[in-house]
Amino acid sequence: MKPSREPIHGQWSSRWAFVLAATGSAVGLGNIWKFPYITGENGGGAFVLLYLVCIVLIGIPIMMAEIMLGRRGRRSPINTMRHLAQEEGRHGWWRYLGWLGILSGFLILSYYSVIAGWALAYLVRTAGGVFTGLTADGVNNIFYSLVADPERLLAWHTVFMVMTMVVVARGVRSGLERAVRYLMPLLLLLLLVLVGYAMNTGAFQQSLVFLFSPDFSKLTPNSVLIAMGHAFFTLSLGMGAIMVYGSYLPRHVSITHATFTIAGADTLVALLAGMAIFPIVFANGLTPAAGPGLIFQTLPIAFGRMPGGEFFGALFFLLLIFAAWTSAISLVEPLVAYMVENMRMSRVMASALAGGVTWVLGLGTIFSFNLWSGERYKLWGLTFFDVLDYLTVNIMLPLGGLLIAVFAVWAMRRESSISELGIGDGPVYRSWRFVTRYITPVAVLLIFLHAIGVLKPWLNRL
Ligand code: TRP
């Protein structure tokens with residue numbers, strides 16, 4: 001055991017630098033683009049409640065475990081898992097957990113970048129006043145003409161990929177800290193402006209009922225799995241992103257405080273996004289279940305009508321792009337850190353290579369909305385993008401997270417986790433250990449079993 005192990009890639013300058021970077025990773029398209037549309041597709045309140053329960057019982061304990069493993073290992077996730085397994089006298093196979101994470105991050109980034117590209121396209125459109133005075137139909141048409149055009153999507157996807165890889169090539173810490181410190185609070189403020197607008201649409205009350213009054217009959221069999229998958233996705237858990245960031249964390253920082261701050265900020269942003277978007281949905285007679293285009297089909301209506309809408313709209317999409325950017329960076333960081341450590345590559349080379357391959361895979365998502373949107377190209381009625389999203393978010397991340405939890409509380413010695421978390425053997429440590437040992441893994445397993453229909457006969461008997 002070498003508690004004084006220094007990280008290879010440098011360290012965060014302070015506790016705040018870590019919290020900001022991790023919040024930058026957590027807050028992204030997941031909160032503003034994805035949370036509202038999956039909430040809409042899964043019937044509202046009951047889904048939101050499930051999601052919050054998953055954040056508390058699964059997300060928070062696993063985030064603590066992931067940061068803890070990262071800081072103890074001080075390396076990219078693969079090497080961290082290998083070293084920790086060795087140190088704890090466990091099987092070398094644990095390193096494949098690192099590989100699973102790298103694969104998930106790569107697959108997610110390939111479509112994440114395409115969606116972030118939509119936000120780039122919308123930045124240009126709102127700034128240019130395209131939406132001024134448009135009806136819901138007009139706004140809809142603009143969305144469909146964008147996604148129907150593979151060339152435009154490809155151009156924006158390319159821009160976003162290049163932006164991401166430039167930052168990654170220069171090292172995650174330079175620039176990122178400052179960007180997050182000022183832009184995150186600004187994003188929060190702008191969301192409040194939007195919620196303020198939404199309060200005057202006449203459908204605010206209805207939206208609050210939709211979002212916060214649970215009606216369990218609206219859930220589909222898959223909703224529970226989607227809520228859990230989203231808890232992992234929105235907190236950036238289960239693939240080593242937070243582990244890598246934790247590996248740059250100075251020793252004296254409290255992992256518990258950091259975790260609650262990050263999870264709190266992330267949840268707040270998601271709920272505000274929901275409260276901004278659904279009033280516009282209901283006030284304009286749109287359907288909450290519109291799918292991945294939801295924010296792009298609703299928010300521009302508000303921007304087109306509010307005074308100063310061009311300014312607010314452009315600012316909103318700019319901030320959304322920043323939020324997506326700081327998240328995308330964390331999706332490739334484990335891979336790039338590994339290439340630098342084990343393949344003796346420069347950061348620039350590693351970033352170019354990783355970015356290039358991800359860019360190519362992104363074509364599959366682009367085509368899912370146009371060339372490959374026909375039945376002929378679908379698998380079980382799902383497009384390439386749908387399959388990729390389902391597989392990564394609902395299966396790979398929870399699986400990775402489950403294994404991280406199992407390693408942290410079953411494979412790792414008690415003394416090791418006590419010393420690394422640094423909160424002594426008190427009530428906080430004991431409750432974390434209890435929840436992570438018994439509740440988190442059982443919850444994840446039950447949700448998996450539920451999704452594949454194994455629990456159905458039992459549930460029917462209740
Ligand atoms: N959490 C980010 C969002 O909500 C996406 C993200 C960044 C992510 N890094 C990740 C998701 C790692 C899973 C794993 O937009």
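Because the structure is predicted, anything quoted here is derived from the model rather than measured.
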Can you tell me how far the [atom1] atom of [X] sits from the [atom2] atom of [Y], to the nearest 0.5 Å?
| X | Y | atom1 | atom2 | answer |
| --- | --- | --- | --- | --- |
| I60 | T256 | CD1 | OG1 | 11.0 Å |
| N342 | S76 | CG | OG | 6.0 Å |
| M239 | E333 | CE | CD | 10.0 Å |
| Y245 | L20 | OH | CG | 11.5 Å |
| L249 | I255 | CG | CD1 | 6.0 Å |
| Q297 | L294 | CD | CG | 7.0 Å |

>> Name the residue from T365, D389, D386, T358 that meets the side chain to side chain donor-acceptor pair (under 3.5 Å) definition with Y111.
In response: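 Result for side chain to side chain donor-acceptor pair (under 3.5 Å) with Y111: D389.
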Hey, is the main chain of [Y] close enough, under 3.5 Å, to the side chain of [X] for a donor-acceptor pair?
| X | Y | answer |
| --- | --- | --- |
| R82 | T80 | no |
| E420 | L69 | no |
| W359 | M161 | no |
| S236 | F232 | no |
| S223 | T220 | yes |
| R71 | V253 | yes |
| E41 | A289 | no |

Side chain to side chain contact (heavy atoms under 4.5 Å, CB included) with [X]: which residues, sequence neighbours excluded?
| X | answer |
| --- | --- |
| A46 | P214, F216, L219 |
| A350 | V336, M339, V340, M345 |
| R433 | V409, R414, S417, Y429, R437 |
| I226 | I38, N42, F47, N222, N394 |

> Under the side chain to side chain donor-acceptor pair (under 3.5 Å) criterion, do Y338 and N79 qualify, and how do the steps go?
Replying inline: CA-CA 8 Å; Y338 175 79; N79 293 330; 5.8 Å; no
> Does anything in residues 91-109 pair up under side chain to side chain donor-acceptor pair (under 3.5 Å), and if so which pairs, sequence neighbours excluded?
Replying inline: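 As it turns out, there is no side chain to side chain donor-acceptor pair (under 3.5 Å) pair with a partner in residues 91-109 once direct neighbours are skipped.
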> Under the side chain to side chain donor-acceptor pair (under 3.5 Å) rule, what pairs show up with a residue in residues 258-268, not counting sequence neighbours?
Replying inline: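 As it turns out, the side chain to side chain donor-acceptor pair (under 3.5 Å) pairs with a partner in residues 258-268, which skip direct neighbours, are N31-D266, T234-D266.
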> Does a donor on one side chain and an acceptor on the other come within less than 3.5 Å for S368 and W372?
Replying inline: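 There is no such pair between these side chains.
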>> Please enumerate all residues that pass salt bridge (Lys or Arg N to Asp or Glu O under 4.0 Å) together with R90, with sequence neighbours excluded.
In response: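 Here no residue qualifies.
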>> Please enumerate all residues that pass salt bridge (Lys or Arg N to Asp or Glu O under 4.0 Å) together with K378, with sequence neighbours excluded.
In response: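 Checked K378 against salt bridge (Lys or Arg N to Asp or Glu O under 4.0 Å); matches are E375.
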May I ask you to check whether [Y] and [X] place their ring centres under 6.0 Å from each other?
| X | Y | answer |
| --- | --- | --- |
| F385 | F369 | yes |
| Y112 | F160 | no |
| W380 | Y390 | no |

> Are side-chain heavy atoms of L237 and L397 found at a separation under 4.5 Å?
Replying inline: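 L237 vs L397: side chains apart.
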Among residues at least two apart in sequence or on other chains, which ones pass ring-ring contact (aromatic ring centres under 6.0 Å, His included) with [X]?
| X | answer |
| --- | --- |
| Y122 | F131, F296, F317 |
| Y37 | W33 |
| F210 | F278, F282 |
| F384 | none |

> Would R413 and E87 count as a salt bridge (charged side-chain N to carboxylate O under 4.0 Å, His left out) if you check the C-alpha gap in whole Å, the side-chain angles of each, and the deciding distance to 0.1 Å?
Replying inline: CA-CA 10 Å; R413 276 165 299 149; E87 206 167 79; 5.7 Å; no
